[in-house]
A.B. asks: 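Starting off with a structure, shown below.
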Amino acid sequence: MLGLLETGSGFWSAVVWVILVLVIGSLVYYIRNKGEKSYKKNTEQDKPFISGNPELSKEGSHISASHIYWGFTEALKGYYNPLVKMHTGDINDYSGWMVIITVVILIIVGVRR
Amino acid sequence: MNLLNHTPILILALPLLAAFLIPIIGKINKKATGIFATLVLGLSLILTIILAVKILSVGPQIYVFGAKSPLLTLPSSLKFPIRIMFQVDAMGIFMGLITALVSFLGAIYSLAFIDKKDGLDSYYSLLLLLTVSMFGMEFTGDLFNFFVFLEIASMASVSLICYRGTDLGEPVEAGFKYMVVSSIAALMVLFAIGIFYGEYDVLNIAAIASVIKYSQLDKIALGILVSVLAMKAGAVPMHMWTPDAYSEAPAPITMILVAASQASLYAIFRVVFSLYNITLNTLAVGWIIIIFGLLSMFIGVTMAIIQKDIKRLMAYHAISQTGYMLLGVGVGLAVLANPTALQRYGITAMEGGIFHIMNHAMYKGLLFLTAGALFFRTGTRDLNKMGGLAHYMKYTTIFFIIGAAAIAGLPPFNGFASKLLIYESVYKFNPLLSIIAMVVSILTLASFVKVFHSAFLGPKLPQFIEVKEVPRSMVFAMAVLSFIIIFFGLFPDLIVKNLVHPAVMSLIEQFKYTSTVLGGM
Amino acid sequence: MIGNFPYITVIIYIGCGIYILMFQKNLIKLAIGINLIENGINLFLITLGFKKGAVAPIYTQAPSGQSMVLPTPQALTLTSIVIGVATTALILSMAMMIYKHYGSIEVNEVRRLRG
Amino acid sequence: MKEMSRIVKIVTNFIYGFIIIFGFYIIAHGHLTPGGGFQGGAVVASAFALLLISYGQMKAKKFLNINIFSLLESCGLTMFIVVAFLGLGTTFFYNFLANSGSWFGNMVIPGINPGDMNTAGVLPLMNIAVGLEVFAGLGIIVLLMADGAEYTKKKENAENDR
């Protein structure tokens, strides 16, 4: 019933994992309820403190998809620019890649023992 | 004349008959075609389950076309099979289950998703043809029959990719690219089949496997088959058709296309394990498949992070997840020659790789359906334009979270179970591969957090005020997939012990494959 | 050496087909390239079944003293030709639709999906 | 496509009947002489192409109706699969008519002979089904391509006038 999955060196049981999460979760929830009672949602208390600057409107602060990982792509520009350029999108390159890879594999498989 | 020993062909023949009847039904009443197609696919799903139970209990099933009895493989006067036959073993029916489930849910989903007035009957007959050809690729025991089904599959999927092409240009461009590349692939497969026929004068996979000597010609045929089928499965250097084709096809069709490229992946395993097995240089070919897997994993996910179109991002993830399957089974192949390593981690690696095929078909299908639901309601696929959809589309958000957690390999879901099998066994083979696999899994989670944030979170946008939840048939299809993902995640050992392990064994033991046809010669 | 001429023509066919597919810019020429490869492979299949001095395999029994050419490759070629017709019809109609939407059938203009 | 000259139309009126009959001959004798469903269907479809070219696309649409072709195609395909299903008593594509004395059921005489049309069991039925499907299918392809060509011609004429 426990769904023990033998993975070569050890086992994995999702059911036990879920039970653990529930137990520890309820413990954490219990501790959280012991916290400060005077906290009320949607009041002045839960405004983020941005060192006193006025909070931007929700629409203004929503980061759209193309900016989310700009740091990651900026750092890896050396890797990304040639990679994106390789995806040219024209059919000659698609069939070209296919022929090149077939030749490479034929050499590897054909020439070896 | 009980129907039980005719099930292998009935799974195919009923949807085929339905595909040909649909244009006639379409003339009588437009809406009936969709429901008729869904019913037939449901019936073929039930038949697949019956066949699966029979195979896992009794053993591989043979079905010879046009012979006196379905099991008569060797005509009286000859020593090798002539007729076209279906040879369905545990691996074949494992893939058959994926195909049957994915196409049934795709048909249900497209009942509400596709509302085009004119081309409706051609849509459903092409969908049935695509399903039939995928079944054919997975069940057939004859090489040329595999080529014919491969060709039907690429033609049916190309026409379905171009389905929205009457008023848009991009789907036709995507379909054209996929068609050019698939016809080269199919012709090269035919060339390899010609080589086999020239050498051994027989077209049956089991018959060739029993007499194969890995001569110079066989090496050429192997090289062509592996590289061409890797292209059809979406391995990296030749993967560029995948994002175009998956992003332009309608969402249920993309889900079925994912299962279609997995049928080509199955074809690589069939060629390498059942046709050649020990005769080929297992380490070299194993490492070729591992390198395909590594490239697919890494380049797939790094390209996915920078995408702006939601379906293009998910298409690149399909490539990177195919890399996991190639890695798992490549390690299994690399150690096929020495039995100790095979017992220690080779079989677990293959179990992880093949279990990952099933899991990937489930959660990638779910993700594409959620992307289709977003497109159905908002009309755009661009992540920059979407925002705050969680407020309106409650169920789709839950399904998306389940799918994203499963693809990233978070514990209670099925992605984690198969990735864990791959990590632990590949680590024993070569630690670096396992580390790369883990890094790729983290990047997968990163890109799906990006999709979740930009599409679902954020404030209510003015232009999506009237957006509401998707119709019930789409929600039902997504709910079934989520249930399967959660069930496989909680009880992975049931699936691995009963379905995946027999499939791996049927791939590894080539003598069992040949003896079922040639009668233990 | 004479016996190898069909195989050399097969190589030339497939070589031209692959050259066209990799370097020609017009979509219709790509369709021609695919047809060239297909003809090459059909010729390859037919020459596999060839026997010197044999008769076409249309009798139930070979005429006395003569042998018949192998019939299976000819059946394979027949199916391959049928599939070739369907593939070419599909590719040409897609090229027409691309011309309708893009206004051109040059490969470097038909490139909206990339990256 | 504009119509051809009067001479071509007269010759076409005369010839296209024979082409269609020759196509059906190839389909019907598929199991004896070289040919069969697909080849015969292609010959019949070439007769439709001839009509289309000689009468131009506008006129040809009147007597080459796409819906009938599509119906014919579905009937041909369904007939093929139903004949294969009929063999399900033993196996799927079983040739239950061969040597059974009923339709196409005579014994085959070995050795060199002109061949008896009434042999080869299910094969002639399959040839007829495939022939029906192929000539309807190719007919549809030819007509749709003619529509496509018509559309692009109109577009080019419009661009030249501008």
Side-chain angles (χ1 to χ4, degrees), chain A residues 5 7-8 12 14 17 48 50-51 53-113, chain C residues 4 7-8 10-41 44-45 80 83-84 86-115:
Chain A
L5 182 70
T7 58
W12 155 250
W17 186 87
I50 328 170
S51 59
N53 307 356
E55 191 202 352
L56 285 169
S57 72
K58 270 246 187 322
E59 282 70 19
S61 64
H62 179 61
I63 306 168
S64 71
S66 46
H67 309 301
I68 289 178
Y69 288 123
W70 71 271
F72 179 80
T73 35
E74 204 58 35
L76 293 171
K77 216 172 13 310
Y79 165 72
Y80 267 117
N81 287 353
L83 186 66
V84 170
K85 253 198 281 320
M86 264 208 307
H87 291 69
T88 51
D90 66 12
I91 304 164
N92 294 341
D93 287 356
Y94 288 12
S95 25
W97 269 114
M98 194 168 153
V99 170
I100 292 163
I101 294 300
T102 317
V103 166
V104 162
I105 289 185
L106 280 178
I107 290 166
I108 294 173
V109 169
V111 166
R112 289 177 59 80
R113 183 184 54 79
Chain C
N4 290 347
Y7 294 112
I8 295 165
V10 163
I11 295 167
I12 294 169
Y13 256 122
I14 295 179
C16 296
I18 288 177
Y19 170 78
I20 287 173
L21 278 173
M22 282 171 74
F23 299 106
Q24 283 305 329
K25 291 293 173 212
N26 189 325
L27 293 187
I28 307 288
K29 287 190 180 145
L30 296 187
I32 297 169
I34 289 174
N35 267 339
L36 271 182
I37 297 180
E38 199 230 314
N39 292 344
I41 290 175
F44 173 68
L45 281 175
S80 165
I83 288 174
T87 323
T88 317
L90 195 60
I91 286 180
L92 290 181
S93 41
M94 278 196 287
M96 278 198 316
M97 280 168 84
I98 285 178
Y99 181 74
K100 191 167 102 174
H101 291 299
Y102 286 63
S104 104
I105 45 171
E106 289 308 312
V107 164
N108 24 39
E109 265 111 36
V110 178
R111 227 156 55 85
R112 287 189 196 156
L113 300 169
R114 57 180 185 276

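Lettering follows sequence order; numbering is per chain, from 1. Bear in mind that the values here come from a model prediction, so they are computed numbers and not experimental data.
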A.B. asks: Under 4.5 Å from any heavy atom of chain A, what part of C/Leu21 do you find: side chain, backbone, both or neither?
C.D. replies: both
A.B. asks: Between C/Val110 and chain A, with a heavy-atom cut-off of 4.5 Å, which part of the residue counts as in contact: side chain, backbone, both or neither?
C.D. replies: backbone
A.B. asks: Between chain A and chain C, going by a 3.5 Å limit, which atoms form donor-acceptor pairs, if any?
C.D. replies:
from: A/His87; atom 1: O; to: C/Gly115; atom 2: N; distance (Å): 3.2
from: A/Thr88; atom 1: O; to: C/Arg111; atom 2: NH1; distance (Å): 2.8
from: A/Asn92; atom 1: ND2; to: C/Gln24; atom 2: O; distance (Å): 3.1
from: A/Ser95; atom 1: OG; to: C/Leu21; atom 2: O; distance (Å): 3.2

A.B. asks: Identify, with sequence neighbours excluded, every residue that meets side chain to side chain contact (heavy atoms under 4.5 Å, CB included) alongside C/Met96.
C.D. replies: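 Applying side chain to side chain contact (heavy atoms under 4.5 Å, CB included) to C/Met96 gives D/Met145.
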